[in-house]
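Let me begin by presenting the structure, written as structure tokens, before commenting on it.
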Amino acid sequence: MSECVGYIVSFETQILGYLALIYSGEPTYTSIKGAWLNDDPYAVIHRLAITQQTPIKGIGSTVMKLVEDQVLEDGFSNIRIDTNFDNLAMLRILEKLNYRYCGEIQVRDGKRMAFHKELTKTSPLSG
């Protein structure tokens, strides 16, 4: 597993988005006005961008769920992510997927909202 992996999100021949998944931590996350859920190793999602030029709804949530599965497969059980205060689409996705707001971090261009999710493996339904 690489420390940082970039993913292109596509459907048939159309590129729908991009994200970076980082496993080596995030230096700006060492100082938070607030508190992370735990200090365990974590994956970081950066630069999630989804096109607005498609009629397909829910791509962002679907991508985030796929990323969670990949993070678990790669042996991590925590994801951290930050976003701008005015990124309403991302804030809705994070709320929908039960990411917990942990506080504010400082990046080069200002403050960001920081979120954390502890992942659990779900077992298939028996039947």
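- Applying the 6.0 Å contact sphere to CG of Asp39 captures no more than 12 heavy atoms from other residues, nucleotides or ligands.
- Between Phe76 and Leu119 the shortest side-chain heavy-atom distance does not fall below 4.5 Å.
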*Criterion side-chain contact (heavy atoms from CB on, under 4.5 Å) on Leu21 and Val67, from CA distance to verdict*: CA-CA 8 Å; Leu21 185 56; Val67 168; 3.9 Å; yes
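- A search for ring pair (Phe, Tyr, Trp, His ring centres under 6.0 Å) contacts involving Tyr42 returns nothing, not counting sequence neighbours.
- No more than 12 heavy atoms of other residues, nucleotides or ligands lie within 6.0 Å of CD1 in Ile15, so this atom counts as exposed by the packing criterion.
- Under a cut-off of 6.0 angstrom, the local environment of CZ in Phe85 is crowded, with over 12 non-hydrogen atoms contributed by other residues, nucleotides or ligands.
- A salt bridge links Lys117 with Glu68: at least one charged nitrogen is closer than 4.0 Å to a carboxylate oxygen.
- Under a hydrophobic clustering in which Ile, Leu, Val, Met, Phe, Trp and Tyr are joined whenever their side-chain heavy atoms come within less than 4.5 Å, directly or via other members, Trp36 and Leu97 fall into different clusters.
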*Passes side-chain contact (heavy atoms from CB on, under 4.5 Å), Met90 versus Ile81? Steps please.*
CA-CA 10 Å; Met90 191 69 210; Ile81 186 170; 3.5 Å; yes
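- Across Thr120 and Leu72, no two heavy atoms sit closer than the pair O-CD1, 3.8 Å.
- In this structure, Val71 and Ala43 approach most closely via the heavy-atom pair CG2-CB, 3.8 Å.
- In terms of hydrophobic clustering, with Ile, Leu, Val, Met, Phe, Trp and Tyr side chains grouped at heavy-atom distances under 4.5 Å, Leu66 and Tyr23 are assigned to different clusters.
- Two residues are said to be in side-chain contact when any heavy atoms from C-beta on lie closer than 4.5 Å; Asn38 and His116 meet this criterion.
- Atom CD of Gln70 sits about 11.5 Å away from atom CD1 of Ile45, to the nearest 0.5 Å.
- Taking OH from Tyr29 and CZ from Arg80, the interatomic distance works out to 8.5 Å, rounded to the nearest 0.5 Å.
- Using a 4.5 Å heavy-atom cutoff, the side chains of Tyr101 and Leu94 are not in contact.
- Linking Ile, Leu, Val, Met, Phe, Trp and Tyr whenever their side-chain heavy atoms come within less than 4.5 Å leaves Val107 and Leu48 in two separate clusters.
- Cluster membership for Tyr99 and Leu37, using ILVMFWY side-chain heavy atoms within less than 4.5 angstrom, is not shared.
- With hydrogens and angles disregarded, a donor-acceptor distance shorter than 3.5 Å links the side chain of Thr30 to the backbone of Pro27.
- The two residues Gly6 and Tyr18 have their closest heavy-atom pair at CA-OH, 3.8 Å.
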*asked:* Assess the residue pair Phe115 and Leu91 against the criterion (side-chain contact (heavy atoms from CB on, under 4.5 Å)); give the C-alpha distance rounded to whole Å, side-chain angles, the decisive distance to 0.1 Å, and a yes or no.
replied: CA-CA 10 Å; Phe115 295 84; Leu91 292 170; 3.6 Å; yes
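- Side-chain contact between Glu118 and Arg100 is absent, with no heavy atoms from C-beta onward closer than 4.5 Å.
- Atom CD1 of Ile93 sits about 11.5 Å away from atom CG of Leu88, to the nearest 0.5 Å.
- The residue from Asn84, Thr28, Thr83 that alone fulfils the side-chain hydrogen bond (donor to acceptor under 3.5 Å, both in side chains) condition with Arg112 is Asn84.
- Note that CD1 of Ile105 is 9.5 Å distant from OG of Ser31, once rounded to the nearest 0.5 Å.
- Clustering ILVMFWY residues whenever any of their side-chain heavy atoms sit less than 4.5 angstrom apart, transitively, puts Val44 in a cluster other than the one holding Val9.
- Using a 4.5 Å heavy-atom cutoff, the side chains of Leu16 and Ser10 are not in contact.
- Remark: Glu95 CD is loosely packed, at most 12 non-hydrogen atoms of other residues, nucleotides or ligands lying under 6.0 Å away.
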*Kindly indicate, with the supporting measurements, whether the criterion side-chain contact (heavy atoms from CB on, under 4.5 Å) is fulfilled by Cys102 and Ile32.*
CA-CA 8 Å; Cys102 292; Ile32 184 170; 4.0 Å; yes
